[in-house]
Amino acid sequence: MFGQEYDVIVVGAGHAGSEAAAAAANMGCSTLLITMSLQNIAQMSCNPAMGGIAKGQIVREIDAIGGYSGIISDTSAIQFKMLNKSKGPAMWSPRVQSDRMRFAEDWRLKLEATPNLDFYQEMVSGLIVEGGKVCGVKTKLGIEVRSKTVVLTNGTFLNGLIHIGEKQFGGGRAGERAATGITEQLVKLGFESGRMKTGTPPRVDGRSLDYSKMVEQPGDEKPEKFSYSTTTKALTKQRSCFMTYTSLEVHNLLREGFDRSPMFNGSIKSLGPRYCPSIEDKINRFADKDRHQIFVEPEGWNTCEVYVNGFSTSLPEDVQFKALRSVVGFEKVKFFRPGYAIEYDYFPPTQLKHTLETKLIEGLFFAGQINGTTGYEEAASQGLMAGINAALQVKEKDPFILTRDEAYIGVLVDDLITKGTEEPYRMFTSRAEYRTLLRQDNADFRLTPKAYVIGLASEARLRAMEEKQKKSSEFIKFLRETSISEKDANPILENKGSSLMKHSDKIFKVLSRPQVKLKDLTKVDTIKTYMSNNNLNQEVLDQAEIQVKYSGYIEKEKNNADKLSRLEHVKIPSNFNYKQLKSLSFEAGEKLGKIQPITIAQASRISGVSPSDISVLLVHLGR
């Protein structure tokens with residue numbers, strides 16, 4: 001059956017594995033996706049949602065490159081929200097509530113329709129490694145499948161251990177067994193491994209909840225969508241989420257179980273996600289808070305299963321049930337399943353190159369939670385990059401690497417391989433120093449041309465992006481060159497509380513005022529006529545308005561990025577011996593020797609490397 005040698009084998013079919021397999025196959029590589037359960041491809045193991053703060057930008061970037069997460073998010077969405085609209089556009093973040101079952105089904109059907117992609121259901125227990133190069137995988141049944149590259153996307157399955165109170169059992173997620181063998185082999189090969197922890201809330205029966213006592217949270221009045229392609233449509237109907245709160249009574253009931261909590265009795269020693277703490281962690285760390293928000297999220301269009309966001313826990317099931325019944329609206333709640341915590345193996349990502357290939361074994365790539373990240377979006381973006389770079393390596397082409405000023409994905413990968421992580425890594429807008437450049441509205445401008453060059457983004461995608469860019473640029477040119485009279489402008493300015501004009505001025509200058517929005521000016525005849533004659537859609541209008549209003553900030557960030565990018569071009573020879581530089585601090589020499597940065601810019605971002613250490617390096621390399 002497996003007589004052929006595959007170009008790429010992807011192990012695991014979560015969000016990282018699905019994107020990796022799709023990317024490699026779409027780039028023309030013979031690809032095999034091996035997973036322990038073909039029924040659970042792209043499962044939403046935790047919350048039924050995609051996107052959110054910074055995560056939404058990542059999904060847009062995946063879509064712009066030619067990945068599938070944006071398309072699947074659109075086809076399975078039950079609600080759309082653009083978060084942070086009260087802030088500047090660099091902070092706007094799209095998010096969808098998803099139909100969990102439809103999401104997984106759409107992913108599977110999309111993968112099955114992908115040429116060059118084969119599937120196999122079994123546990124991978126080890127790798128075939130010959131002469132420092134990966135040559136395939138071994139399965140639990142003893143089957144060997146050979147390949148030129150392997151992408152490991154094992155999620156929480158590597159020696160996964162589930163905790164519910166004092167009960168512990170092996171598993172990669174509820175109802176599924178853990179994967180064994182891979183960690184042990186990699187450690188023998190010289191890799192450093194660690195343990196991390198994550199958790200999930202109870203799932204409950206929506207028919208047992210009293211929504212009249214909760215605060216309704218509908219989607220946007222005019223919902224948008226994730227994908228830049230025309231194959232998906234914005235929602236015409238949506239399902240609401242709801243919000244309620246814990247109370248001191250709930251907190252006291254939860255505290256009764258702390259002595260049986262694996263988080264407090266020493267059973268769990270690994271670190272969980274700082275920004276998604278369990279409910280017991282929240283009431284312990286924030287003891288001054290009388291209540292915490294609980295978001296009640298439907299799991300699909302038709303199912304009555306509900307996800308209790310904000311109530312992640314590993315407390316005993318009886319404690320969970322008793323406490324949740326004291327939450328407003330949950331007085332008669334029935335459980336589908338209790339919440340739990342899970343510990344699993346990961347490999348510190350400083351052991352990787354920018355391509356996500358391991359430094360120790362040629363042709364072996366890691367993506368997703370195996371690298372210490374948390375979240376579907378972070379995993380999917382790594383899977384996409386690993387799949388692309390595995391395919392490019394097979395084709396003997398230059399790697400595909402995104403820099404920090406080109407994409408949130410670039411920030412994510414650079415953070416991981418340069419700084420590493422000792423707790424589950426989550427992306428935030430604050431992690432990106434160029435977030436005004438890396439907006440959710442312009443991911444196609446930034447990335448689709450690059451993706452087209454490597455053969456992943458289609459020509460149709462490229463042409464659509466170029467048309468949008470052309471129309472936006474021409475509209476901005478029109479706004480710069482066309483004047484608006486004080487007679488047309490002053491009624492609008494007066495209504496907005498902005499100072500009045502004494503003579504006509506360029507529309508660009510008027511629109512630059514913080515109080516004035518483009519929609520305020522669209523009734524002016526010259527603008528209305530231009531928009532009508534040029535058939536400008538909302539995407540083009542939004543893009544133009546952002547460029548006008550934030551032109552100063554955008555230009556400043558571009559200049560800063562250009563200055564720092566000069567250091568990106570100062571290459572450090574591979575396997576450089578830092579011990580020869582006596583002027584380097586001991587810590588810098590140790591960190592640089594371990595991480596082996598490829599440029600001066602990357603070296604400057606390593607914790608413990610000072611500006612004076614960079615000066616020493618620059619002098620040695622010849623400024």
Side-chain angles (χ1 to χ4, degrees), residues 56-57 60 80-94 218-225 228 234 429 434-446 464-561:
Q57 282 88 328
R60 282 265 163 96
F80 182 95
K81 273 191 172 182
M82 186 65 77
L83 307 180
N84 278 344
K85 278 301 286 251
S86 61
K87 299 179 181 177
M91 306 293 282
W92 298 354
S93 302
D220 288 350
E221 268 187 54
K222 293 181 179 177
E224 298 175 45
K225 63 191 187 82
Y228 292 101
T429 51
Y434 306 116
R435 58 182 179 268
T436 306
L437 302 179
L438 309 182
R439 306 183 309 276
Q440 55 82 32
D441 61 273
N442 70 351
D444 54 344
F445 290 1
R446 292 183 275 120
M465 181 281 297
E466 288 173 340
E467 179 66 14
K468 175 180 154 189
Q469 196 169 41
K470 179 170 173 278
K471 284 189 172 183
S472 300
S473 299
E474 287 175 349
F475 186 42
I476 292 169
K477 185 169 181 279
F478 164 80
L479 297 173
R480 282 186 186 279
E481 294 175 351
T482 309
S483 296
I484 183 172
S485 68
E486 67 273 25
K487 186 180 80 171
D488 285 334
N490 282 341
I492 298 167
L493 298 177
E494 188 175 11
N495 185 45
K496 290 291 175 180
S498 186
S499 57
L500 302 182
M501 288 164 47
K502 293 179 180 175
H503 49 76
S504 64
D505 209 341
K506 301 299 181 192
I507 302 171
F508 187 99
K509 198 169 176 183
V510 175
L511 184 55
S512 297
R513 297 190 184 197
Q515 306 94 328
V516 180
K517 301 278 192 290
L518 181 58
K519 65 182 180 182
D520 301 324
L521 300 172
T522 52
K523 291 178 183 175
V524 176
D525 286 338
T526 50
I527 301 172
K528 186 163 66 173
T529 302
Y530 182 92
M531 287 168 54
S532 176
N533 290 344
N534 291 276
N535 193 27
L536 303 187
N537 62 26
Q538 195 58 49
E539 266 191 287
V540 171
L541 297 176
D542 290 345
Q543 184 62 225
E545 182 168 16
I546 290 166
Q547 293 281 353
V548 170
K549 284 197 169 295
Y550 295 89
S551 56
Y553 298 103
I554 291 167
E555 201 56 43
K556 187 177 177 183
E557 271 198 8
K558 275 182 181 171
N559 290 336
N560 288 339

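When atom types are taken as modelled, the side chain of Asp520 and the backbone of Lys517 share a donor-acceptor pair closer than 3.5 angstrom. In this structure, the side chain of Asn490 engages the main chain of Glu486 through a donor-acceptor pair within 3.5 Å. A donor-acceptor distance shorter than 3.5 angstrom exists from the side chain of Lys506 to the backbone of Glu481, with no hydrogens or angles considered. In this structure, Lys471 contributes its side chain and Asn535 its backbone to a donor-acceptor pair below 3.5 Å. A side-chain donor-acceptor contact under 3.5 Å links Lys549 to the backbone of Leu511. Of the possible donor and acceptor atoms, one in the side chain of Asn534 sits under 3.5 Å from a partner among the backbone N and O of Tyr530.
Residues Gln440 and Met82 have side chains in contact (heavy-atom distance under 4.5 Å, counting atoms from C-beta outward). Side chains of Arg60 and Tyr228 form a contact here, defined as non-hydrogen atoms less than 4.5 Å apart.
Smallest separation of non-hydrogen atoms from Gln57 and Ser93: OE1-OG, 3.1 Å. The shortest heavy-atom contact between Gly88 and Tyr550 is CA-OH, 3.7 Å. Contact between Met501 and Arg513 at its shortest, heavy atoms only, is CG-NH2, 3.8 Å. Taking both residues in full, the closest heavy atoms of Gln469 and Phe445 are given as CA-CZ, 3.6 Å, listed atom of the first, atom of the second, then distance. Ala234 and Pro223 make their closest contact through CB-O, 3.4 Å (heavy atoms, listed as atom of the first residue, atom of the second, distance). Closest heavy-atom contact between Gln515 and Gly497: NE2-O, 4.1 Å.
A distance of 9.5 Å separates CG of Leu437 from CD of Glu555, quoted to the nearest 0.5 Å. Atom CG of Asn442 sits about 12.0 Å away from atom CG of Asp542, to the nearest 0.5 Å. Atom CD1 of residue Ile527 and atom CD1 of residue Ile484 lie 5.0 Å apart, to the nearest 0.5 angstrom. One distance of note links CE of Met91 with CG of Asn84; it measures 5.5 Å at 0.5 Å rounding. Atom CD1 in Ile507 sits 13.0 Å away from atom CD1 in Ile476 (nearest 0.5 Å). Here the CG-CG distance, from Leu493 to Leu500, works out to 6.5 Å after rounding to the nearest 0.5 Å.
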- side-chain hydrogen bond (donor to acceptor under 3.5 Å, both in side chains) assessment of Glu539 paired with Gln543: CA-CA 6 Å; Glu539 266 191 287; Gln543 184 62 225; over 6 Å; no
- Would Thr482 and Phe508 count as a side-chain contact (heavy atoms from CB on, under 4.5 Å) if you check the C-alpha gap in whole Å, the side-chain angles of each, and the deciding distance to 0.1 Å? CA-CA 8 Å; Thr482 309; Phe508 187 99; over 6 Å; no
- Message: Is there a side-chain contact (heavy atoms from CB on, under 4.5 Å) between Lys528 and Lys523? Walk through the geometry before answering.
- Response: CA-CA 6 Å; Lys528 186 163 66 173; Lys523 291 178 183 175; 5.7 Å; no
- Message: Quick one, Lys470 with Glu466, criterion salt bridge (Lys or Arg N to Asp or Glu O under 4.0 Å). Give me CA distance, side-chain angles, the key distance, then yes/no.
- Response: CA-CA 6 Å; Lys470 179 170 173 278; Glu466 288 173 340; over 6 Å; no
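Using a 4.0 Å cut-off between a side-chain N of Lys or Arg and a carboxylate O of Asp or Glu, Arg439 and Asp441 qualify as a salt bridge.
Shown are Thr522, Val540, Thr526; of these, the side-chain contact (heavy atoms from CB on, under 4.5 Å) with Met531 is made only by Thr522.
The side-chain tip of Lys87 does not point at the ring of Trp92 from less than 6.0 angstrom away and within 45° of straight on.
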